[in-house]
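Notes for the one structure printed next.
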Number of protein chains: 4
Amino acid sequence: MPDVGHNGPPIASDQLRSIIERVETLEDEKAVAAEYINEVYAEAKSNGFDTKSLRKLVSLRKKDRTKLLEDKAMLELYAAALGCLDLV
Amino acid sequence: MPDVGHNGPPIASDQLRSIIERVETLEDEKAVAAEYINEVYAEAKSNGFDTKSLRKLVSLRKKDRTKLLEDKAMLELYAAALGCLDLV
Amino acid sequence: MPDVGHNGPPIASDQLRSIIERVETLEDEKAVAAEYINEVYAEAKSNGFDTKSLRKLVSLRKKDRTKLLEDKAMLELYAAALGCLDLV
Amino acid sequence: MPDVGHNGPPIASDQLRSIIERVETLEDEKAVAAEYINEVYAEAKSNGFDTKSLRKLVSLRKKDRTKLLEDKAMLELYAAALGCLDLV
DNA sequence: AACGCATAAGTAAGAC
DNA sequence: GTCTTACTTATGCGTT
């Protein structure tokens, strides 16, 4: 438990500083990766690709294949019942 | 321009108050609608419907049919080129 | 439980249609309110107000006062321990 | 421009595959960093820290100091005009 | 018309 | 198991 809430200098500041710094370092790494991802998409776009479709494809490939098919089947069932199967 | 940044009582406060109140009233209405929507889904769920599919269907029906089909075609094209057409 | 997954015409379609239509009506109401909100902000902006601050203020007023003050105190404590109290 | 939309095998598939794979590799790196971040917060929490305040502090430190102070001043001005300065 | 921002939606994790 | 809460992604909007 950090020694907070009392009068005088709050103390767990070394521990606090360590936490913040570790997070910030990791967030930097995350931001760098995110930036590279954007660059890849930007390059793809300049080569005529549709980035929205690319992003969608990446997200689909990340998901569990079985569950994806189940969800798709359920959606088609509902769409059929509503007479708008063409939407899915 | 609101009369701000000077010493003494900031003045556009009547105007400011009006803005805030109008927004808050409208946000209440929005929140009420959102709550009713959740209730409809909750009832649907208790009747055995899959709410995820219901939500997806609603969002599909909201979109422009033509654009939807174009996007779908593009995605399938990419998926086919990658040999994972079954995902879409 | 909707009568789905069998051969022949899926049947709970009346119930399904009712659900979808009720949701869509409510979403319309929600969208109308959201549009009015945007109009209020747009008008405020044209009168020289900073909409970001207005939005922030609205969101603050929506929250529980007590919890807000507690959170603020905790944040200030941490910021003080890090020597960046000026940020909060 | 990818050679798509014609009959026969769509061709830019090598290029497409390269894009997807590069993105997926980078997303992995991003996810790893995100996971480490969560671990740091989990450890902090087990040591008695309030993670919400920690996250808030990290996000504040990420922002431009000058702009932060400007925004804060504007918000306080509005809050004062509304008589709810205690919220900010 | 493309860019970034800001809101909203969907998703996944965690608490009760 | 449900329900909230936070994070991620997606979309729309305003700006340049």
Side-chain angles (χ1 to χ4, degrees), chain A residues 23 26-27 30-31 33-35 37-39 41-46 48 50-64 67-68 71 75, chain B residues 23 26-27 30-31 33-35 37-39 41-42 45-46 50-64 67-68 71 75, chain C residues 23 26-27 30-46 49-56 58-59 62-64 67 71, chain D residues 23 26-28 30-42 44-46 50-56 58-59 62-64 67 71:
Chain A
V23 169
L26 290 164
E27 293 224 334
K30 191 156 83 98
E35 196 182 334
I37 290 170
N38 282 334
E39 285 174 15
Y41 281 125
E43 182 195 331
K45 182 176 186 176
S46 77
D50 174 62
T51 57
K52 187 178 172 184
S53 298
L54 293 175
R55 287 178 190 271
K56 183 72 181 170
L57 197 47
V58 168
S59 88
L60 284 173
R61 283 161 57 95
K62 205 163 19 181
K63 291 179 183 157
D64 177 71
K67 182 150 197 326
L68 213 50
D71 289 350
L75 182 58
Chain B
V23 169
L26 291 164
E27 293 223 334
K30 192 155 79 97
E35 197 181 334
I37 290 170
N38 282 333
E39 285 174 16
Y41 281 126
K45 182 176 185 176
S46 77
D50 174 61
T51 57
K52 186 179 171 183
S53 296
L54 293 175
R55 286 176 190 272
K56 183 71 182 170
L57 198 46
V58 168
S59 88
L60 284 174
R61 284 162 55 94
K62 203 165 19 183
K63 291 178 184 157
D64 177 72
K67 182 150 196 324
L68 211 51
D71 288 352
L75 182 58
Chain C
V23 169
L26 290 164
E27 294 222 334
K30 191 155 82 95
V32 168
E35 197 182 333
Y36 285 147
I37 291 170
N38 282 334
E39 285 174 15
V40 174
Y41 281 126
E43 181 196 332
K45 182 175 186 175
S46 77
F49 285 96
D50 175 61
T51 58
K52 186 178 172 186
S53 297
L54 293 176
R55 287 178 190 272
K56 182 72 181 170
V58 168
S59 88
K62 202 162 22 182
K63 292 179 183 155
D64 177 72
K67 183 152 196 325
D71 289 350
Chain D
V23 169
L26 291 163
E27 294 220 336
D28 280 345
K30 191 158 81 102
V32 168
E35 198 182 333
Y36 285 148
I37 290 170
N38 282 333
E39 285 174 17
V40 173
Y41 281 125
K45 183 176 185 174
S46 77
D50 174 61
T51 57
K52 186 178 173 186
S53 296
L54 293 175
R55 287 178 190 272
K56 182 72 180 170
V58 168
S59 88
K62 204 165 17 184
K63 291 178 184 156
D64 177 71
K67 184 153 195 325
D71 289 351

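In what follows, chains are A, B, ... by sequence order, proteins preceding strands, each numbered from 1. The structure displayed is predicted, hence computed values, not measured ones.
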With rounding to the nearest 0.5 angstrom, report the [atom1] to [atom2] distance, [X] to [Y].
X       : Y       : atom1 : atom2 : answer
D:Lys45 : D:Asn38 : NZ    : CG    : 11.5 Å
B:Ser53 : B:Lys56 : OG    : NZ    : 10.0 Å
B:Asp50 : B:Tyr41 : CG    : OH    : 11.0 Å
A:Glu35 : D:Leu26 : CD    : CG    : 11.0 Å

Take nucleotides 6-13 of chain F nucleotide by nucleotide from the 5' end and write B, S or -, depending on whether a protein heavy atom sits under 4.0 Å from the base, only from the sugar-phosphate, or from neither. -SSS-S--
For a 4.5 angstrom cut-off between non-hydrogen side-chain atoms, does C:Lys67 reach C:Asp71? yes
Residue whose closest nucleotide on DNA chain E lies nearer the 5' end, A:Lys45 versus D:Lys45: A:Lys45
Residue pair B:Leu57 / A:Leu75: nearest heavy atoms and the distance that separates them: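 Distance-wise, the nearest heavy atoms are N-CD1, 4.1 Å.
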What is the distance, to the nearest angstrom, from the [atom1] atom on [X] to the [atom2] atom on [N]?
X       : N      : atom1 : atom2 : result
D:Glu35 : E:dG14 : CD    : C1'   : 16 Å
D:Lys67 : E:dG4  : NZ    : C1'   : 13 Å
D:Ile37 : E:dA13 : CD1   : C1'   : 16 Å

